[in-house]
Asker: 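What follows is a structure written as structure tokens; I'll ask about it next.
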There are 2 protein chains.
Amino acid sequence: MTISEISKKCNISPDTLRYYEKVGLLSYVNRTSGGIRNYTEQDCAQVEFIKCMRSAGLSIEILRRYFELFRRGKRTLKARRDLLAKERENLQMRFKELQDTIKRLDYKISVYDKALKSKDNELKF
Amino acid sequence: MTISEISKKCNISPDTLRYYEKVGLLSYVNRTSGGIRNYTEQDCAQVEFIKCMRSAGLSIEILRRYFELFRRGKRTLKARRDLLAKERENLQMRFKELQDTIKRLDYKISVYDKALKSKDNELKF
DNA sequence: ATATCAGTTAGAGTTAACTCCAAGTCAAGC
DNA sequence: GCTTGACTTGGAGTTAACTCTAACTGATAT
């Protein structure tokens, strides 16, 4: 798969793919004899994983650390597991916060709806 | 309340408070005769609201728009309600995504735990 | 009256994560 | 052999959201 093919397939720009490679999220992408990147299905799955974690809020730096551990081989299994478990806990916290914020917005919207009905209230902010 | 007092109370830096004022999130903060900001409880509640929305991911720009509508008075009630409702929907989507990502991490962690037990598996990434 | 200290401003600097650009290369079609 | 078009690189530019700096001011304690 060329860079533009995986770009379309994974909906991520070629520039971003090269950037991810440069900073260590996608190491050792195969090349053709002419020096052109040749992505595998496995690379594609990894890109999907990165995209998913990025959109949940994991930083490039955390993911870089994760893949760096990977490159060091099997003896880092435990460290990788623990890194993921820690990030999972962070997400769990953000999940609860998000839930509360949605509730807060729901309440605020209901206050707006009341004000709109009664036609003469203003809110504090 | 001086800036350092509200800073401690709301756990937000004085620089950030001045920045929020500059970009239009906190307009018309009262001043003493000497020109020093004098925050009210109401300002404090507004700062808490901003903090909550910011940490859920709402941008400064969206919040700026919200408070700008506010300044235009009662006739923008509906527009403000709709702005909040739209952001609420965005958060709802991110909430679901986050839930899926947490599940995905749980699965991945369980795969790690299996690999750690069997002592000889490596994962793909 | 002077030193101290918390506040003020405008504007510069920082960070993360891209995103763009210019100059060059390579394979394929005419 | 030449053009075209997709690729390559290193490095510069962008954006959001702060964060810091320098120079200044005004109230309070000695």
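All chains are named by letter (A, B, ...) in the order of the sequence lines, taking the proteins before the strands, and each is independently numbered beginning at 1. The structure presented is a predicted model; accordingly, all values stated were derived computationally and were not measured.
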Asker: Would you indicate, yes or no, if dA6(D) has its OP1 or OP2 atom less than 4.0 angstrom from a side-chain nitrogen or oxygen of Thr2(A)?
Answerer: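 Checking dA6(D) against Thr2(A), no side-chain N or O comes under 4.0 Å of OP1 or OP2.
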
Asker: For the residue pair Phe49(A) and Lys108(B), establish whether any side-chain heavy-atom pair is separated by less than 4.5 Å.
Answerer: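 A side-chain contact under 4.5 Å exists here.
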
Asker: When you check the phosphate oxygens OP1 and OP2 of dT9(C), does a side-chain N or O of Arg31(B) lie under 4.0 Å from one of them?
Answerer: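 Answer is yes, contact under 4.0 Å.
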
Asker: Between atom CD1 in Ile50(A) and atom P in dA17(C), what is the gap in whole Å?
Answerer: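 After rounding, the reported distance stands at 13 Å.
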
Asker: From CG of Asn30(B) over to P of dT8(C), roughly how many Å is that when rounded to an integer?
Answerer: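 Checked: the CG to P distance equals 13 Å.
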
Asker: Could you tell me whether a side-chain N or O of Asn38(B) sits under 3.5 Å from a main-chain N or O of Met1(B), the two making a donor and an acceptor?
Answerer: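 Looks like yes, one N/O pair under 3.5 Å.
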
Asker: May I ask whether Leu116(A) and Phe70(B) are part of the same hydrophobic cluster, defined by side-chain heavy atoms of I, L, V, M, F, W, Y residues being less than 4.5 angstrom apart, directly or through others?
Answerer: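 Same hydrophobic cluster.
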
Asker: How close or far is atom P of dG11(D) from atom CZ of Arg18(A), stated in whole angstroms?
Answerer: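 Going from Arg18(A) (CZ) to dG11(D) (P), I get 16 Å.
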
Asker: Hey, does the side chain of Ser4(B) come within less than 4.0 Å of dG7(C)'s phosphate (OP1/OP2), counting only N and O?
Answerer: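 True: Ser4(B) side-chain N/O within range (under 4.0 Å) of dG7(C) OP1/OP2.
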
Asker: Between atom CD1 in Ile36(B) and atom P in dC24(D), what is the gap in whole Å?
Answerer: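 That distance rounds to 18 Å.
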
Asker: Is it the case that Asp43(B) and Thr40(B) place a side-chain donor and acceptor less than 3.5 Å from each other?
Answerer: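 Yes, because at least one side-chain N or O of Asp43(B) sits under 3.5 Å from a partner of the opposite role on Thr40(B).
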
Asker: So, does Arg37(A) get its side chain near the phosphate of dC7(D), meaning an N or O under 4.0 Å from OP1 or OP2?
Answerer: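 For dC7(D), neither OP1 nor OP2 has a side-chain N or O of Arg37(A) closer than 4.0 Å.
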
Asker: With a 4.0 Å cutoff (strictly under), does any side-chain N or O of Tyr19(A) reach OP1 or OP2 of dA16(C)?
Answerer: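 Checking dA16(C) against Tyr19(A), no side-chain N or O comes under 4.0 Å of OP1 or OP2.
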
Asker: Can you tell me if Ser13(B) uses its side chain to pair, donor with acceptor, with the backbone of Thr16(B) under 3.5 Å?
Answerer: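 A pair under 3.5 Å: yes.
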
Asker: With a 4.0 Å cutoff (strictly under), does any side-chain N or O of Thr16(A) reach OP1 or OP2 of dT19(C)?
Answerer: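 Yes, within the criterion.
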
Asker: Taking atom C1' of dT9(D) as reference, at what distance in whole Å does atom CG of Asp15(A) sit?
Answerer: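 Interatomic distance, CG of Asp15(A) to C1' of dT9(D): 12 Å.
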
Asker: Pick the closest DNA chain D nucleotide for Gly35(A) and for Tyr20(B) by heavy atoms, then say which residue is nearer the 5' end.
Answerer: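 Result of the comparison: Gly35(A).
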
Asker: Tell me the interatomic distance from Ile6(A), atom CD1, to dC7(D), atom C1', rounded to whole angstroms.
Answerer: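 Checked: the CD1 to C1' distance equals 15 Å.
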
Asker: Please state how far atom NZ in Lys22(A) lies from atom C1' in dT19(C), giving the value in whole angstrom units.
Answerer: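 One finds 11 Å between C1' of dT19(C) and NZ of Lys22(A), rounded.
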
Asker: Take atom CD of Glu61(B) and atom C1' of dA16(D), then tell me their distance rounded to the nearest Å.
Answerer: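 Answer to the nearest Å: 11 Å.
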
